[in-house]
Structure formats: structure tokens, C-alpha cells
Student: 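I have a structure here, written as C-alpha cells, and I will follow up with some questions on it.
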Number of protein chains: 2
Amino acid sequence: MMLSQTEENYLKAIYSLTYTNSNNVSTTLISEAVKTKASSVTDMIQKLAEKDLVHYKKYQGVSLTEIGQKIAVEIVRKHRLWEVFLLNKLHYNWDEVHELAEQLEHIKSETLIDKLEIFLEFPTHDPHGDPVPDKEGNIKHHNDTMLSSVETGKSCVVIGIKDSSDPFLKFLDKLQIQLGNTLKVISKEPFDNSMLVETTIGSISISNQISKNIFVKNL
Amino acid sequence: MMLSQTEENYLKAIYSLTYTNSNNVSTTLISEAVKTKASSVTDMIQKLAEKDLVHYKKYQGVSLTEIGQKIAVEIVRKHRLWEVFLLNKLHYNWDEVHELAEQLEHIKSETLIDKLEIFLEFPTHDPHGDPVPDKEGNIKHHNDTMLSSVETGKSCVVIGIKDSSDPFLKFLDKLQIQLGNTLKVISKEPFDNSMLVETTIGSISISNQISKNIFVKNL
DNA sequence: AAAATAATTTAGACAAGCCTAAAAATATAA
DNA sequence: TTATATTTTTAGGCTTGTCTAAATTATTTT
Ligand SMILES: [Mn+2]
Ligand SMILES: [Mn+2]
Ligand SMILES: [Mn+2]
Ligand SMILES: [Mn+2]
């Protein structure tokens, strides 16, 4: 099945919205994700339903079919492998790779991404800690421990971030928090759920907004 | 200036047709190069003229403006650097890289291609022996010595090919002729201008059609 | 339960890039 | 130098993906 870039972007958007939101994704949510108007989304959804890529009943939202999901995961795989390439080989920063990968993920080839994966020596995660789906589309999702739920006095390792938007990444850079860093929760403030955290460069206060967006592994 | 992939392909086509043909490129030639109908080419040419990327007078053919040429060379640069990447890093064969580079050359980024060039350690030529334009668009064209014009008894080195079409590349593979190979002209047949050539694997007869498409450097 | 609000879909329109068919201009041949 | 053939352009139409405005359906509020 030969899909346009636009169609691929819709599928990818529906895929990730299914995880972060309900099982049946709303027109409005998709329109925000792909940056169009809701009416355009309705048009596209009907086209995708026609091609059996999504389940769709008027006014009931949309979900991916098996084949739709398979394609979405393939695009995610491409996106993340390209991100690894850009960071590891071309030495981009982790806040620069996403936009470029948005383009590269649409390159059409039967062989390219597998050769890239070999070249990159089978990375398991992208620069933001998100898992790289394998060739068959299998994907190991994050265990969803967030920094916010780590108990006082305990240590943990940063393994990913939920929000990989540019401003958040830049903010973490400023705090010098990187994947693999060990963090220790010194204290928690019940009033606003902020926490004092021991990092590689010292103790810093982290708001709940931030700590809810950092995936960690308890030590 | 933000151009569509289609517009970029037209500019690139006009650029290379200017070299292989006359200074003013005809509508029909372009239509063959970009695989559309002549009427579509006329439409596009008028759009490009509107944007000052080509010089155009009705019925008189088309040529690139300075800015049009600059953009065309940038695309050629991207194309060739991606070809090097695909061959050197992902281990594609030289007959597989062109099609993929046709897609990759359209990735939009201020920094990507320069970083790629650094990563590839500033290659001077692509896998077909064509020169890689530098950042400023300077390009060292082939000295145009063809194998067909090498004198009997003399040796030469293969430095490029004029026709990098898939069938021609596959044919050269079969003959085991590669860039860098030394060839010695043993004899020429005046009847059909074919020549007997000493290659790395022995003596083979090469037709004029072939020898006219192989760039060489005399030893 | 009815009214008000919000979300979704439909209708009609537009730009990009392509097509076919017909008209106009140019090139070639008689 | 006409007549014929070829090339190029124009005219009108199609598809994709978008938009605005209006109609419809669903959800909230009263
Ligand atoms: Mn990304
Ligand atoms: Mn990522
Ligand atoms: Mn090529
Ligand atoms: Mn090439």
C-alpha cells in the first residue's frame, strides 16, 4: 500500500494519541496533532477508513485497524532510528533531531531502514528514551514509573521523557539532566508536589509538571 | 525560498539538460526528464519564471537564472552526498543509490547536508564519479576524456561514467569494471569502433556505445 | 427535559500538479 | 514559398489536501 506523507502523518498521530488518550481518538485531537482544521481531519479519516486503515463511525472517533497500526509502528520505527542516526553520527543535539526525523521517516524504501539499523548497531532506544520497534513491529513500552512517584530518599535512573517537545528538552539541558543520569529524591513538598532532587551537578528543585514527565527506573 | 519537491525536480532537470543539450532547454526534453506531459511542463515553467528561477520566453525554451542555478546545484550536492552515504556507510551498490537519493535530496534543513559531508569526510566524488559541489556551489566538472578516445596501446584509469542509468551500471558490474580500475587499450576495430581492452580480469571487447560513456584519466 | 454549548460533519471553494484535447506557433519538406 | 508536420501553449477538468461557513449531532448546563 502506497501512502502519502500526509496519510502517514495522520496514522502516526492517531497511533500516539491512542496511547496518551482514549482508545477512540477524537477529530479535534487529531487536528491539533497534524495542525489542520477538524473538517480536514474528517475528510482524511473517511479516506483512511475507505482504505481500511482506521475504524470509523460518524461522531464516534477513530481507532487504527491492525494494518493501520502496523504502518504507524513502521513510521515510528523509522522516525526513531533516524533520530539515533542524527544524534550518534551527525552529532545533533536531542532537541534538534525530531523535526528532521519528521521528514526522514517518510523516505520510501524496502531496505533503507533495516540497513540503517544495522549501521547504527541495533539501538534499542531513541535519543529521548523511546523504544525502537523491531523489524516485525514489536515494541517494548516503557514501564511507566515517573520521577514524581519516586519515594523520598530513594534513587533512580532517568530512562526517558514523556514530553519530547523542544522547550522541555532545552529546559532539561539547562538543568543538565540527561538519559542515564542518577537522581536522588531528597525531599518532597506536599503543597505543590515539587521535589528537591540530588543531580550530578547538585541539588535542584523540580516542579510536579516536570517530574511527571520524566521516566525513571528505581535503583 | 521554500520550494516543493516537484519544483526542485524541475530545476535539477533543467540544470542537467543544460549541460547535456543546448543552453535553452525545450519543453519536451524537460517533460521526458521529469516524466510528465509537455503541457504540465509549460504550467510549471511559467510558475518558475514567476519566481525568477528560470528565464522563459514563449516557444523559446528555458534556462536557469542565477538563483535557479544555485538551487539546482544545491540539490545536486545533496543528491551526491546522500549517494556516498548510501554506498559507503549502508553498503548499497552503485546501481541502487540513485533512486533513494532522489528522495533524500529533498529533505529540508539548513545544517543536515553539511553535517553529513563532515561525517563522510568531504568526499570529492559520488559513487558514479560525479563531482560533489562544495558548500558555496563550486563544482569541478569532469575533464571529458572518454575511453573511446584513448589511443591503442595506452593505459587509463576509470574516473566516472556519463550514463549512470541502472542497466548501464549493472552491465559494468558484469564486466567487473569499477571506478579506479586501470584499463589498457589493446586494439581498436575501425569497422564498428569497438575496442579490445585489458581489464583486471582479462581482455574484453567493448562497443563504442560503452566506451563513449566511460570517463577516464590517461596514464 | 429543554436549552445552550461544543464537537463533528457536510457543502462549497481553492491551490498545486497533473491530464486530454484543441489551438497556436515554429520547424521542416515539397 | 506554400504545405505539412512537430512542438508548444491554452483551455478545461481531475485529485489531493486544505480552508471557511453552515448544518447536524452530542454533551453540558439549567
Ligand atoms: Mn521525535
Ligand atoms: Mn524521539
Ligand atoms: Mn544519482
Ligand atoms: Mn550519482
Side-chain angles (χ1 to χ4, degrees), chain A residues 1-14 17-18 20-64 68 71-72 75 102-103 105-106 108, chain B residues 1-14 17-18 20-64 68 71-72 75 102-103 105-106 108:
Chain A
M1 178 154 349
M2 182 63 180
L3 298 180
S4 69
Q5 290 203 183
T6 309
E7 289 171 315
E8 290 187 346
N9 282 335
Y10 273 87
L11 290 180
K12 194 164 63 108
I14 297 165
L17 288 170
T18 302
T20 55
N21 297 77
S22 64
N23 215 318
N24 272 44
V25 182
S26 78
T27 303
T28 310
L29 273 176
I30 299 171
S31 78
E32 283 160 10
V34 301
K35 297 195 172 78
T36 56
K37 300 290 164 172
S39 55
S40 309
V41 173
T42 303
D43 285 348
M44 178 57 82
I45 280 172
Q46 289 170 345
K47 223 180 79 181
L48 294 176
E50 200 63 44
K51 296 189 180 184
D52 281 316
L53 298 170
V54 299
H55 298 296
Y56 171 63
K57 272 203 213 114
K58 268 192 192 179
Y59 296 100
Q60 298 314 122
V62 79
S63 64
L64 293 175
I71 293 169
I75 303 163
E102 283 296 318
Q103 296 182 61
E105 70 192 2
H106 300 293
K108 258 79 176 176
Chain B
M1 177 154 347
M2 183 61 181
L3 298 180
S4 70
Q5 291 203 184
T6 309
E7 289 170 315
E8 291 187 347
N9 281 335
Y10 272 87
L11 291 180
K12 193 164 63 110
I14 296 165
L17 287 169
T18 302
T20 55
N21 298 78
S22 65
N23 215 318
N24 273 44
V25 182
S26 77
T27 303
T28 311
L29 273 176
I30 299 171
S31 78
E32 283 160 9
V34 301
K35 296 194 173 81
T36 56
K37 300 290 165 174
S39 54
S40 307
V41 173
T42 303
D43 285 349
M44 179 57 82
I45 281 172
Q46 289 169 346
K47 222 180 80 181
L48 295 176
E50 200 63 44
K51 297 189 181 183
D52 282 315
L53 298 170
V54 299
H55 298 295
Y56 170 62
K57 271 203 213 114
K58 269 192 192 178
Y59 296 99
Q60 298 314 124
V62 78
S63 64
L64 293 174
I71 293 169
I75 303 162
E102 284 295 318
Q103 295 182 61
E105 70 191 4
H106 300 294
K108 259 80 177 176

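Numbered from 1 within each chain, the chains take letters A, B, ... in sequence-line order. Bear in mind the structure is a predicted one, so any value in this text is a computation, not a measurement. Below, each value reflects all heavy atoms present in this structure, side chains not excepted, and no hydrogens, waters or symmetry copies.
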Student: Output yes when a side-chain donor or acceptor of B:Asn9 lies under 3.5 Å from a complementary backbone atom of B:Val34, and no otherwise.
Tutor: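 Checked: no pair found.
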
Student: Tell me whether the side-chain N/O atoms of A:Gln60 come closer than 4.0 Å to OP1 or OP2 in D:dT25.
Tutor: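 False: A:Gln60 side-chain N/O out of range (4.0 Å or more) of D:dT25 OP1/OP2.
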
Student: With respect to the side chain of A:Asp43, which nucleotide from C:dT20, D:dT18, C:dA7 is positioned closest?
Tutor: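 When the side chain of A:Asp43 is considered, D:dT18 is the closest of C:dT20, D:dT18, C:dA7.
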
Student: In this structure, how many angstroms lie between the P atom of C:dT10 and the OH atom of A:Tyr59, rounded?
Tutor: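 So the two atoms are 6 Å apart, to the nearest Å.
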
Student: May I ask you to evaluate whether A:Tyr10 reaches the phosphate of D:dT18, defined as a side-chain N or O under 4.0 Å from OP1 or OP2?
Tutor: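 True: A:Tyr10 side-chain N/O within range (under 4.0 Å) of D:dT18 OP1/OP2.
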
Student: Starting at OH of A:Tyr56 and ending at P of D:dT25, how long is that distance when rounded to a whole Å?
Tutor: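 To the nearest whole Å, that distance equals 12 Å.
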
Student: With sugar-phosphate meaning primed atoms plus P, OP1 and OP2, does B:Ser40 contact a base, only sugar-phosphate, or nothing at under 4.0 Å between heavy atoms?
Tutor: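 Base, at least one base atom sits under 4.0 Å.
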
Student: In this structure, how many angstroms lie between the P atom of D:dT10 and the CD1 atom of B:Ile45, rounded?
Tutor: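 It is 11 Å, rounded to the nearest whole Å.
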
Student: Return the CG to OG1 distance between B:Asp43 and B:Thr27, rounded to the nearest 0.5 Å.
Tutor: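 The OG1 atom of B:Thr27 is 10.5 Å from CG of B:Asp43, to the nearest 0.5 Å.
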
Student: Does B:Ser26 or A:Ser4 map to a spot on DNA chain D nearer the 5' end, using the closest nucleotide for each?
Tutor: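 In this pair, the answer is B:Ser26.
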
Student: Figure out the CD/P separation between B:Gln5 and C:dA16, and round it to whole Å.
Tutor: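 In whole Å, C:dA16 P and B:Gln5 CD are 16 Å from each other.
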
Student: Distance from A:Leu11 atom CG to A:Ile75 atom CD1, nearest 0.5 Å?
Tutor: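 One gets 5.5 Å once the value is rounded to the nearest 0.5 Å.
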
Student: Measuring from atom CG of B:Leu64 to atom CG of B:Asp52, what distance do you get when rounded to the nearest 0.5 angstrom?
Tutor: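 Rounded to the nearest 0.5 Å, the CG-CG separation comes to 12.5 Å.
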
Student: Can you measure A:Leu48 atom CG to D:dT16 atom P for me and round it to whole angstrom units?
Tutor: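 Taking CG of A:Leu48 and P of D:dT16, I get 12 Å after rounding.
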
Student: Would you tell me whether B:Gln5 and B:His106 have side-chain atoms, one donor and one acceptor, within less than 3.5 Å of each other?
Tutor: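 No.
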
Student: Taking NZ from B:Lys58 and P from C:dA27, how many angstroms apart are they, rounded to a whole number?
Tutor: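 Distance check: B:Lys58 NZ to C:dA27 P gives 16 Å.
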
Student: Please give, in whole Å, the distance from D:dT6 P to B:Leu29 CG?
Tutor: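 Spelled out: CG on B:Leu29 to P on D:dT6 is 17 Å.
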
Student: Between C:dA22 atom P and B:Lys37 atom NZ, what is the distance in whole Å?
Tutor: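 After rounding, the reported distance stands at 15 Å.
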
Student: Which one, C:dT8, D:dA26, D:dT18, comes nearest to the side chain of A:Thr36?
Tutor: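 Nearest to the side-chain atoms of A:Thr36, counting from C-beta on, is D:dT18.
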
Student: Contact class for A:Thr42 (heavy atom, under 4.0 Å): base, sugar-phosphate, or nothing?
Tutor: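 Base contact - A:Thr42 has a heavy atom under 4.0 Å of at least one base atom.
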
Student: Where each residue is assigned the nucleotide of DNA chain C containing its nearest heavy atom, which of B:Ser39 and B:Met44 is assigned the position nearer the 5′ end?
Tutor: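 Looking at DNA chain C, the more 5' nearest nucleotide goes with B:Met44.
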
